[in-house]
Amino acid sequence: MSATGGSAAAGGNIEIHAEDGSIAAQWISEVHQHRHVHPPVREPVPWPQMVGKIPPRAGAFQERAERSRLRDAATSGGTVVLCQVLTGMGGVGKTQLAADYAEQAWNGGSGVDLLVWVSATRRDAIVAAFAQAGAQVCGADLADPQQAAATFLAWLHAGRPKWLVVLDDVADPNDLTGLWPPAVAHGRTLVTTRRRDAALLRGGRRLVEVGVFTPDEAVAYLTDVLAASGRTESDTELAALGADLGCLPLALSQAAAYIADAGIRVSAYREQLARQVRRLEDLSPDALPDDQPDTMAAAWSLSVEYADQLRPVGLARPMLELTAFLASNGIPVAVLTTDPALAYLAAHAGTSVTADDAQGALRALHRLSLLTAPSADEADQAVRVHQIVQRANRDTLTPERYEQTAHAAAKALLAAWPNIERDTALAQALRTCTTALISCTEQAGCLYRPDVSAVLDRIGSSLGESGQVSAAIAHYQQFAAAANRHLGHDHRSTLGVRYQLAFWRGRAGDSAGAADAFAALLNDYVRVLGHDDPDTLATRHSLASQQGWAGDPAGAAETLATLLDNRLRVLGPDDPVTLATRHSLAFWRGKAADPAGAAEAFAALVNDCLRVLSPDHRETLIARNNLANWQGYAGDPAGAAEAYAALLEHQLLVVGPDHPDTFVTRHNLAYWQGHAGDPAGAAEAFAALLEHQLRVLDPDDPHILNTRNNLAGWRERVTRGEP
């Protein structure tokens, strides 16, 4: 049988075939074809709700300044901060601070009804977490995660219960495009990331920098962790370990776990850490504490990969390797943009590299919190890298690349080192960087192959010329021992280091000791290199000068006169070495009771230095200094004072006010000012000089003692009314 019915909306006539042909069967079949399915009514969501899992609290969690700063940043001047971004290098404890904040919000009675914890290392992980939250709190359909996440974000905006969303370990700010929780009064967002991109600070977000522990926090942390294993150590040892590890929480926790597992003392761990041949991987415990995912050695590997993908592509990793050999607390940007540094970057990137590219690599590393790089307008143009990040990056290098990088760092330092150190802060930074380079290459001997790096001598001369004579001697003692160990006693470079050590002993006032050292060195030079080798002749020159200072000026002059004949024959009259020998000969003739002859010889020498060298050359300036001095001793103190005043004006322009040569000129100017009839002016000048020297020079520098003696003498003359 057939039946007609329905409507246009139902599709017109429908023919129905029922099994029994009954009207009831027709109706039931028709109802089944046209019914609508309605979802069941959703039960109200019980509050509070948590989506995701807050990481467990670390053992010996420390109350630290950043914890208060995180809470204080919630309001600033009465303005609510709806989103805070915890940023800092890996291992400083950002996740632990965020977890503590979330626990307080959840359990501390602050009225948070919804807490969402998201491991935000990838965009798909963020979408999945938001989709799950959408399904849990507002019935979103998980079959379409993108739509479910969008539904959840819209729900957050709609004035629902108070909520807190934590986005932990955001690897790329672009992953949050279109996924930022809304900035609404009833919600808060907390982000942890190693990134420092400007995009993270848009929309009123507040940056909270997370640094390492303070020294006191490091000691307290280590004390608590070791106490849990029944261990006690002195605060002194713990503080030293904290300093060794740069107070980095990750490194401290893994070191403490290793110490406890191995059953060793802190001092033993520090000894192992100090051995550059031991890798950080070897000094991490088998089972990491506090659910940490990475060892110290691996903690920053992902960040390096990200940084290397940023523009300029491929330069971040070699730049970080270069910085790993220099001072952690201040690498001049000028060092990292020298030609040797650019050549190193280019060799590993496979393309030409400019200074702007090097700056771009630093910015990429800065964005990933792998180092701190200054902006172009900052006065302090220094890069800072945590020492454990440096150590971890050095550990990844093959022996060949380790040596290549060390030599590149040494060449970059030399290229940035000015011949005349007008900028004392730059000179100190270069010396500190060189000390760090020596420290991490000494055991391997990198800087002694294939030739001794010139930077090893440059730091010694810089120390001495800056007035730190005791430090220069200590450096050359260590340098000589290392050269002897790596190269052998008779190697020319080893002999050259011994020369510098003897020279600075003489500059420190130990003329007799310096003379003995030069005499022994001369025997070795003659035996190894012969009588006429330039280094043999230079040693004869210096030995003569030290004999003069030791009390035999006539003998020194006689030896130098013979040496000068040799210099003129071999090198000619205009060679700088010949000029230096004439300089010393003229000086010791004056000391041997011929001041007029010395003044005459220096007058001729100054003319030749001006012709052959330059007015600004150090040899020319020292020759002018001695000319003025012997002019005074020859009976013209007023002329000497006038000459010194002119020389001082020139030196201030050439080497600056803090250079030891400038101090010598000021000293001699004051001396001859007094002898020219102005004892009060001399005393005043010596007082000002002493104050300046004490700020700049090594306290043990003999020049300071000399200034004190002259100041006392001229003050006594003023008191007695003597001319």
Side-chain angles (χ1 to χ4, degrees), residues 55 58-62 64-66 86 88-97 169 192 194 209-226 228-229 231 233 235 237-262 264-304 320 323-324 327-329 368-372 384-396 436 439-440:
F61 180 84
Q62 291 295 299
R64 49 193 300 201
E66 285 85 350
L86 295 179
M89 64 177 286
V92 294
K94 301 181 297 295
T95 295
Q96 277 294 308
L97 285 167
D169 200 15
T192 74
R194 302 182 188 191
E209 290 276 0
V210 181
V212 298
F213 281 157
T214 66
D216 288 344
E217 289 169 351
V219 169
Y221 174 80
L222 290 170
T223 299
D224 291 347
V225 172
L226 292 175
S229 301
R231 301 286 300 280
E233 294 272 358
D235 284 356
E237 278 292 336
L238 297 179
L241 177 59
D244 290 344
L245 296 171
C247 295
L248 181 67
L250 174 71
L252 293 172
S253 67
Q254 294 189 11
Y258 182 94
I259 290 166
D261 290 349
I264 61 175
R265 306 293 298 180
V266 166
S267 58
Y269 183 87
R270 292 185 61 222
E271 289 173 6
Q272 294 183 46
L273 186 66
R275 297 179 202 149
Q276 296 292 333
V277 292
R278 293 298 304 275
R279 297 164 62 91
L280 285 178
E281 194 72 49
D282 301 328
L283 296 172
S284 296
D286 293 331
L288 299 180
D290 300 326
D291 293 337
Q292 293 168 5
D294 298 311
T295 64
M296 282 188 280
W300 304 276
S301 58
L302 186 61
S303 293
V304 176
L320 189 60
T323 65
S328 64
N329 201 36
L368 268 297
S369 297
L370 287 163
L371 54 72
T372 300
R384 291 169 173 81
V385 195
H386 194 278
Q387 62 213 60
I388 299 298
V389 175
Q390 291 180 308
R391 178 74 174 266
N393 278 275
R394 293 198 302 270
D395 281 354
T396 66
S439 176
C440 62

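Using a distance-only test at 3.5 Å, with no hydrogens or angles considered, a donor-acceptor pair links the side chain of R279 to the main chain of D395. In this structure, the side chain of D290 engages the main chain of G59 through a donor-acceptor pair within 3.5 Å. Judged by distance alone, with hydrogens and angles left aside, the side-chain atoms of Q387 form a donor-acceptor pair with the main-chain N or O of A243 at under 3.5 Å. Remark: side-chain polar atoms of R391 are paired, donor with acceptor, to backbone N or O of L273 under 3.5 angstrom.
Counting only heavy atoms from C-beta outward, the side chains of L280 and T295 never approach each other to under 4.5 Å. T95 is listed as a side-chain neighbour of P55, based on a closest heavy-atom distance under 4.5 Å. Contact check for T323 versus N393: no side-chain heavy atoms found under the 4.5 Å cut-off. Proximity of I259 to L226: side-chain heavy atoms (C-beta onward) are separated by under 4.5 Å at one or more points. Using a 4.5 Å heavy-atom cutoff, the side chains of D235 and T223 are in contact. Inter-residue side-chain proximity for V92 and L248 is flagged as met; some heavy-atom pair is nearer than 4.5 Å.
The salt bridge (Lys or Arg N to Asp or Glu O under 4.0 Å) pairs that include a residue from residues 237-246 are E237-R270, D244-R270, where partners are two or more places apart or lie in different chains.
Taking CG of L222 as the reference point, atom SG of C247 lies at 8.5 Å (rounded to 0.5 Å). Here OG of S267 is found 6.5 Å from CD of E233. Values are rounded to the nearest 0.5 Å. Put simply, CD on Q292 and CD on Q96 are 8.5 Å apart, with the number rounded to the nearest 0.5 Å.
Applying the side-chain contact (heavy atoms from CB on, under 4.5 Å) test to A260 and every residue at least two apart in sequence or in another chain returns S229. With sequence neighbours left out, Q390 forms a side chain to side chain donor-acceptor pair (under 3.5 Å) with no residue at all. Under the rule for a side-chain contact (heavy atoms from CB on, under 4.5 Å), the partners of V225 that lie at least two apart in sequence or sit in another chain are A60, Y221, A256. Under the rule for a salt bridge (Lys or Arg N to Asp or Glu O under 4.0 Å), the partners of R64 that lie at least two apart in sequence or sit in another chain are E66. Contacts of A262 classified as side-chain contact (heavy atoms from CB on, under 4.5 Å), with partners at least two apart in sequence or in another chain: Y258, I264. By the side chain to side chain donor-acceptor pair (under 3.5 Å) test, T396 pairs with no residue at all, sequence neighbours left out. Scanning for side-chain contact (heavy atoms from CB on, under 4.5 Å) contacts around A220 gives Q62, with sequence neighbours left out. Listed by chain and residue number, nothing satisfies the side chain to side chain donor-acceptor pair (under 3.5 Å) test with R231 (two or more places apart in sequence, or in another chain). In this view, S328 satisfies the side chain to side chain donor-acceptor pair (under 3.5 Å) rule with no residue, not counting sequence neighbours. Here E217 pairs with nothing under the salt bridge (Lys or Arg N to Asp or Glu O under 4.0 Å) rule; sequence neighbours left out.
Across all non-hydrogen atoms, the minimal contact from M89 to S369 is CB-O, 3.1 Å.
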